[in-house]
Amino acid sequence: MSTEQQWNEEQQRVNSVTDLIEHRITALEEVAGSFRGEVVEMRKEFWDEVTMNFSEADDVGETSTSMRQQSQVLSDRERSHLNTAAALDKMKRLHHSPYFGRIDFKEAGYADAERIYLGIASLLDEQEESFLIYDWRAPISNLYYDGAPGPISYRTPSGEISGEIEMKRQFVIRDRRIRFMFDTGVTIGDQLLQAVLSRTSDAQMKSIVATIQKEQNRIIRNDRTRMLIVQGAAGSGKTSAALQRVAYLLYKYREHLQADQMVLFSPNPMFNSYVSTVLPELGEENMLQTTFQEYLERRLGREYQLEDPFIQLEYVLTAMQEPEYDARMSSIRFKSSASFQKVITRYKESMLSGGMKFKPVRFQGKVIVDAEAMAEKFYSFGSSVKLVSRLELLRDWLLKELSAFGKSELNAPWVDQQLDVMEPEDLQRAYQRLKRKQKGKSHTFDDFQQEREILARMVVSDRLKPLRKWIKSLRFVDIRQLYANLFQDQAQMVRLLENEPLPAHWEAISTMTLRRLKLQELAYEDITPYLYLRELLLGFHINSGIRHVIIDEAQDYSAFQLAFMKRLFPHAKITALGDFNQAIYAHSSVLSGTGPLSDLYGPENTEVIELTRSYRSTMEIVEFTRGMVPGGEHIIPFNRSGEKPKVIVTADLEQHMHHITADLHHLIEQGYESVAVICKTAEESSEVHALLSQKLDTAPKLIKKTTLAFEQGVHVVPAYLAKGVEFDAVLIYDGSAAAYSHEQERKLFYTACTRAMHLLHVYCLGKPSPFISSQSEEWYEVSNMTATRVE
């Protein structure tokens, strides 16, 4: 059959399938409208349909039954409406692009091959007997992603099926028309991938299930291991594969797994917005999305001023000349380590025999139980009683002491003062209490002494209520002093470290930590250890309902943080995505070597998948950026050509801004939809944004750590906030040696440059960074403007 005949035959099938989809849409819209009308009417008439009678006990029961029945009918109608709306949404998405792939698979033992078409959702024929389209997540669809023409097998819930792929075809179908069609071999064809990657970037990440590569498919369909680690080069498709993995798991385990049982930890709030459309595009609800900092704020934000990771990073990048800088770097590395986690665990164990700190129980300046008495009582319970159990016993004892104190205060002068100013409603409350207490007897306040006693008890009880709540929540344990004690007693720290040395600059570390604690502040590196100590002592707040955790930019988490998350989600599987070459924080990366991440659940429960091919950037940009990082030679560029990166060297700020502004005007005229001017820090971003706002017709958007949504247009952004996002064109504001020359800045510079899809310009105020100049000049073009004047 000729290519033209094949094209016509496939187009006829597209027409008939689209006709069926349109018919389904019309039918579903009618049903959805009917259900919507029913629900609205039922809500209006809900009380009219319910028999209301509360005069007798039997009537109350009848009324309750009537309400329950009517509520059940309403709930059923609402559920039917939601199901119909979901089916309608699926049909509308199929109508735009019904399918993207076809394989002809001949099962062993059968004479004819079955034509299998793949799309983002399944579609049955009019008799609902045969699949016209298979969902891309169905077991048989795995053949399309992993298989090549020839013998093959695939697993299904009922066993393994063997056969042969006779043909593998790809389509791009838009609005009833086939735009591309070609047959392909082992991988998803480069033609389709070229078409997709050549587009401009979007304000939100798109789901491209048609171009899932074989190595990405391994990530998506992996449901065996407890911990899946994906180490991927910049632009290798880590995040999109992880989100498609979520969609796959929700599809495969739809009877047991819901979207709200999965959580994504993102690098920043803006990234949540960027990826928020992927799952809905695939017909699934969005999972829970948060950042680790948001979780920490919920737990400790009321008690302390918490430093966030971006403030810490700004300090690392800008405070190198400050006297405490080296001590702070040592502090960050130590407090983020698995060693410090072990120190705190041993510290907790040591408290079984001594060292617990308590806050005295006070009321109106008067000490009810002092800290020494509490410690004595705590250690009187015996060594066989667990620490948490001792705290609960101490809590019960304190509540009894508080009760006894309350009785002793009934005749205190402050109680009489309160009684003198009681409002009428307070007297009514007291009367109701007396009424309940006497149960059927005459209820009067004719006995002044009785009246005063009841009112006094009420006053004392109300005033002690906050203190009672404070005791019940174990707030009497002095966590702040216990944490401070780690840095006040050097001999104790040496013992707890066992065979490991004290970190460098220990005295300065201790001074800084204690100073911030006194101000009720916690440095970012202190937050997780502090919370871990509190949880060890008072009991862990675990989330047993979460079944799967996705951690994006996992290289930015410390060993301590990941160990804490393991305790936080005890029943969850974890997918950790990251790139060691983008580890921009001061603590050592958990992705280095086999590292703490691999050790979290042990090798038998861990699988590591490496993605080395970069799809985001052109071949020229990848060739340039991979030369910046050790091991970059293993990064494989996808075969999509473009301009070489340009390095523009300028003499002064005026000339510098002139060339950046001229380039921005040119890029906007050429139709680049998203352009980023990437700066090193938030302060620099703010200054550059102010300068560009005066020179451009439309002011660029300044991206801050609080920015919630990513939009098209020109952006000015600090490098660390651009992580995970891509732009059509990237202009590095200052790639000079003055800005990027320290080894700890290498990965930040690499991260900034790898945000570019199609075009990368690096402007240098003076001599270029050694991360550029150490490479061969064949990978970039240099324009030296230092000898020219700006007119």
Side-chain angles (χ1 to χ4, degrees), residues 295-306 341 343-406 460-488 492 496 517-518 520-522 526-544 560 563-565 567-570:
Y295 170 77
L296 296 174
E297 287 284 355
R298 281 199 299 273
R299 298 300 311 282
L300 288 172
R302 292 182 181 179
E303 300 172 48
Y304 289 94
Q305 181 69 37
L306 303 183
Q341 185 207 355
V343 162
I344 292 181
T345 304
R346 293 178 194 129
Y347 183 40
K348 176 253 183 181
E349 293 302 320
S350 74
M351 288 178 215
L352 288 167
S353 54
M356 276 294 288
K357 304 291 182 185
F358 298 103
K359 301 173 189 174
V361 181
R362 287 192 176 97
F363 178 73
Q364 294 183 346
K366 184 186 297 184
V367 175
I368 301 172
V369 183
D370 63 31
E372 290 75 16
M374 293 164 74
E376 184 179 344
K377 188 69 177 177
F378 177 81
Y379 287 109
S380 72
F381 294 125
S383 58
S384 61
V385 182
K386 291 181 180 178
L387 191 144
V388 172
S389 300
R390 290 194 216 178
L391 289 176
E392 290 170 352
L393 290 169
L394 181 60
R395 175 197 62 199
D396 296 342
W397 177 72
L398 288 173
L399 289 171
K400 288 178 182 176
E401 292 293 306
L402 185 63
S403 179
F405 172 78
V460 171
S461 177
D462 287 349
R463 290 292 294 273
L464 291 180
K465 190 175 180 179
L467 192 51
R468 199 176 297 112
K469 184 180 178 182
W470 184 81
I471 292 171
K472 285 181 178 178
S473 59
L474 307 181
R475 298 278 298 281
F476 54 84
V477 181
D478 196 343
I479 305 296
R480 185 183 306 173
Q481 185 53 50
L482 285 167
Y483 192 71
N485 194 48
L486 282 168
F487 301 92
Q488 290 170 328
Q492 175 184 246
L496 292 171
L517 279 172
K518 191 173 182 180
Q520 286 189 273
E521 296 176 2
L522 286 175
D526 281 301
I527 304 172
T528 304
Y530 183 96
L531 187 56
Y532 180 69
L533 175 62
R534 192 172 82 171
E535 304 271 285
L536 278 180
L537 295 173
L538 307 186
F540 262 83
H541 284 65
I542 63 169
N543 191 325
S544 56
F560 204 140
F564 183 83
M565 290 180 77
R567 304 244 348 212
L568 178 59
F569 303 108

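As a basis for the values below, the full set of heavy atoms in this structure was taken, side chains included, without hydrogen atoms, waters or symmetry mates.
Here the shortest heavy-atom pairing between Y483 and F487 reads O-CD1, 3.4 Å. When every heavy atom of P360 is checked against every heavy atom of D370, the shortest pair comes out as CB-CA, 4.0 Å. Contact detail for L306 and G301: the closest heavy-atom pair is CD1-N, 4.1 Å. Pairing each heavy atom of L352 with each of Y379, the nearest pair is O-CE2, 3.5 Å. When all heavy atoms of R395 and I471 are compared, the pair lying nearest together is CG-O, 3.5 Å. Taking every heavy atom of both residues into account, H541 and Y295 meet most closely at O-OH, 4.4 Å.
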Point to revise | Step-by-step side-chain contact (heavy atoms from CB on, under 4.5 Å) determination, L517 to D526 | key: CA-CA 10 Å; L517 279 172; D526 281 301; over 6 Å; no
Exercise for review: List the steps, then state whether side-chain contact (heavy atoms from CB on, under 4.5 Å) holds for L464 with V460.
Suggested key: CA-CA 6 Å; L464 291 180; V460 171; 3.7 Å; yes
Exercise for review: Go through the steps for F405 and V369 under the test side-chain contact (heavy atoms from CB on, under 4.5 Å), then give the verdict.
Suggested key: CA-CA 10 Å; F405 172 78; V369 183; over 6 Å; no
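When each of L387, L393, V477, V385 is paired with F378, the side chain to side chain contact (heavy atoms under 4.5 Å, CB included) condition holds for L387 and for no other.
Figure legend: R390 and F381 shown without cation-pi pairing, the cationic atom not lying both under 6.0 angstrom from the six-membered ring centre and within 45 degrees of its axis.
Within a 6.0 Å sphere centred on CD of Q305, other residues, nucleotides and ligands contribute 12 heavy atoms or fewer. More than 12 non-hydrogen atoms from other residues, nucleotides or ligands lie less than 6.0 angstrom from CD of Q364.
Proximity of I368 to L398: side-chain heavy atoms (C-beta onward) are nowhere separated by under 4.5 Å. Contact annotation: the side chain of S403 never approaches that of R468 to less than 4.5 Å [non-hydrogen atoms, C-beta and beyond]. Y347 has its side chain out of reach of L536: every pair of non-hydrogen atoms, C-beta onward, lies at least 4.5 Å apart.
Within the model, atoms CG of L474 and CZ of F358 stand 10.0 Å from one another, a figure rounded to the nearest 0.5 Å. In this structure, CD1 on I479 lies 12.0 Å from CG on N485, to the nearest 0.5 angstrom. For the atom pair R567 CZ and E535 CD, the distance stands at 8.5 Å (nearest 0.5 Å). Atoms CE and CG, on M356 and L391 in that order, are 4.5 Å from each other to the nearest 0.5 Å. Residue D478 holds its CG atom at 5.5 Å from NZ of K359, rounded to the nearest 0.5 Å. To the nearest 0.5 Å, atom CZ of residue R299 and atom OG1 of residue T528 are 11.0 Å apart.
Using a cut-off of 4.0 Å between Lys/Arg side-chain N and Asp/Glu carboxylate O, E303 and R534 are scored as salt-bridged.
A donor-acceptor distance shorter than 3.5 angstrom exists from the side chain of R346 to the backbone of L496, with no hydrogens or angles considered.
Taking the six-membered ring for Trp and thresholds of 30 and 60 degrees, Y530 and Y304 have ring planes more than 60 degrees apart, a perpendicular arrangement.
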